[in-house]
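Structure first, commentary second.
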Amino acid sequence: MTTKEATIRAASEGDREGLLALIPSLADFDLPPTRNPDHLWQSDAKLVEKHLDGDSDKTILLVADVDGDVAGLALTTLRPELLSEEPSAHLEALAVSEKARGLGLGRKLLQASNDAAKARGAETMTLHVFARNTRARGLYESEGFDGELMRYIKPL
């Protein structure tokens, strides 16, 4: 994608179709074989719709707009930090379209999400990422995120 101008802005109703089309790309990495790709994005799609419907004052939804097209999204929920219960934010989803990867939009969206959450009182930002999602992990670690917890799962 040749970019003339990339803008990070609050999502609007007019972005709905582009955002919902982008959400399934959250499963675009080497998934563990026991995981259904749809499970990685369906709840995020519901959060996007809820936000656009005006049903949540606890979410921040940003869009990367490249030449008038939705090229990325960052969805953040404001909620207490898991252990300290201090004001925090949780990055629910960060996605960049395949055509726009490599343009730095993920980093820009992440930084804008951090700024927006901080402006709304969050003192920390948390997120979940699959161990196999090396592209995402590299971005998060380069932006100062610390992988402090490990989650294990075993099929029964």
Side-chain angles (χ1 to χ4, degrees), residues 1-32 35 37 39-52 56 58-82 86-151:
M1 171 182 269
T2 303
T3 178
K4 295 177 188 166
E5 184 178 338
T7 305
I8 307 300
R9 58 174 174 76
S12 67
E13 177 59 38
D15 299 317
R16 185 182 296 259
E17 184 178 327
L19 290 166
L20 294 175
L22 184 58
I23 289 278
S25 72
L26 292 170
D28 186 16
F29 66 94
D30 181 28
L31 288 173
R35 288 294 178 183
H39 295 166
L40 272 68
W41 59 267
Q42 289 175 335
S43 64
D44 294 319
K46 289 176 185 173
L47 277 174
V48 165
E49 296 220 77
K50 185 176 179 180
H51 178 87
L52 292 173
S56 177
K58 298 288 185 193
T59 55
I60 301 166
L61 182 57
L62 301 175
V63 62
D65 182 313
V66 177
D67 300 334
D69 294 324
V70 172
L73 69 87
L75 176 64
T76 306
T77 303
L78 300 168
R79 57 176 150 165
E81 199 274 329
L82 177 67
E86 292 175 345
S88 188
H90 185 80
L91 183 67
E92 302 287 347
L94 179 68
V96 174
S97 70
E98 190 173 344
K99 295 188 305 186
R101 289 184 188 151
L103 301 176
L105 295 181
R107 186 172 309 280
K108 289 177 184 174
L109 282 162
L110 184 56
Q111 291 168 347
S113 294
N114 289 336
D115 292 345
K118 186 176 180 179
R120 296 206 29 209
E123 296 175 12
T124 58
M125 173 84 74
T126 62
L127 58 86
H128 297 130
V129 62
F130 276 87
R132 292 179 176 215
N133 194 344
T134 56
R135 181 178 63 231
R137 288 179 51 214
L139 171 63
Y140 300 141
E141 290 168 12
S142 75
E143 286 295 313
F145 284 85
D146 179 29
E148 73 175 8
L149 296 174
M150 292 185 69
R151 180 177 183 265

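Atom set for the values below is all heavy atoms of this structure, side chains included, hydrogens, waters and symmetry mates excluded.
The line from OG1 of T134 to CG of D30 is 8.5 Å long, rounded to the nearest 0.5 Å. In this structure, CE on M125 lies 5.5 Å from CZ on F145, to the nearest 0.5 angstrom. Separating the CG atom in N114 from the CD atom in E143 is a distance of 7.5 Å, to the nearest 0.5 Å. Separating the CG atom in L127 from the OG1 atom in T76 is a distance of 9.5 Å, to the nearest 0.5 Å. Note that the OG1 atom of T7 and the NZ atom of K108 stand 9.0 Å from one another [nearest 0.5 Å]. Note that OH of Y140 and NE2 of H128 are 11.5 Å apart. Values are rounded to the nearest 0.5 Å.
Between V63 and A10 the shortest heavy-atom distance is CG1-O, 4.1 Å. Of all non-hydrogen atoms in S12 and L52, the two that sit nearest each other are O-CD2, 3.6 Å. Of all heavy-atom pairs between L22 and G72, the closest is CD2-CA, 3.4 Å. What you find for L105 and A64 is that their closest heavy atoms are CD1-CB, 4.1 Å. The minimum heavy-atom distance between A71 and V66, with the atom names listed, is CB-CG2, 3.6 Å. Summarising the geometry of R107 relative to S142, their closest heavy-atom pair is NH1-OG, 2.9 Å, with the distance given to 0.1 Å.
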**Message:** Does I23 form a side chain to side chain contact (heavy atoms under 4.5 Å, CB included) with V48? I'd like the steps, not just the answer.
**Reply:** CA-CA 9 Å; I23 289 278; V48 165; 3.8 Å; yes
**Request:** Decide side chain to side chain contact (heavy atoms under 4.5 Å, CB included) for S56 and L47; before the verdict, give the C-alpha distance in whole Å, the side-chain angles of both, and the deciding distance to 0.1 Å.
**Result:** CA-CA 9 Å; S56 177; L47 277 174; over 6 Å; no
**Request:** Step by step, work out the side chain to side chain contact (heavy atoms under 4.5 Å, CB included) result for F29 and L40.
**Result:** CA-CA 11 Å; F29 66 94; L40 272 68; 3.7 Å; yes
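Under the 4.0 Å criterion applied to side-chain N and carboxylate O atoms, R9 and D15 are assigned as salt-bridge partners. A salt bridge links R16 with E13; the closest basic N to acidic carboxylate O contact falls under 4.0 Å. Using a 4.0 Å cut-off between charged side-chain N and carboxylate O, D115 and R120 make no salt bridge.
Summarising the local packing, CD of E98 is surrounded by 12 or fewer heavy atoms from other residues, nucleotides or ligands at distances under 6.0 Å.
Residues V70 and S97 fail the side-chain proximity criterion, which asks for heavy atoms closer than 4.5 Å. Between R79 and K58 the shortest side-chain heavy-atom distance does not fall below 4.5 Å. Between F130 and R137 the shortest side-chain heavy-atom distance does not fall below 4.5 Å. You'll find the side chain of E81 stays beyond 4.5 Å of the side chain of P87, heavy atoms only. Taking 4.5 Å as the limit, some side-chain heavy atom of L31 sits within range of a side-chain heavy atom of P37. Between T126 and L91 the shortest side-chain heavy-atom distance does not fall below 4.5 Å. A heavy-atom distance below 4.5 Å is found between the side chains of L94 and L109.
Between L73 and the choices L26, L19, L20, the side-chain contact (heavy atoms from CB on, under 4.5 Å) rule is met once, by L19.
Side chain of R101 to main chain of V96: a donor-acceptor pair is present (N/O by atom type, distance under 3.5 Å, no hydrogens or angles).
Looking only at atom types and distance, the side chain of T59 has a donor-acceptor partner in the side chain of H51 under 3.5 Å away. Side-chain atoms of E92 and T77 include a donor-acceptor pair closer than 3.5 Å.
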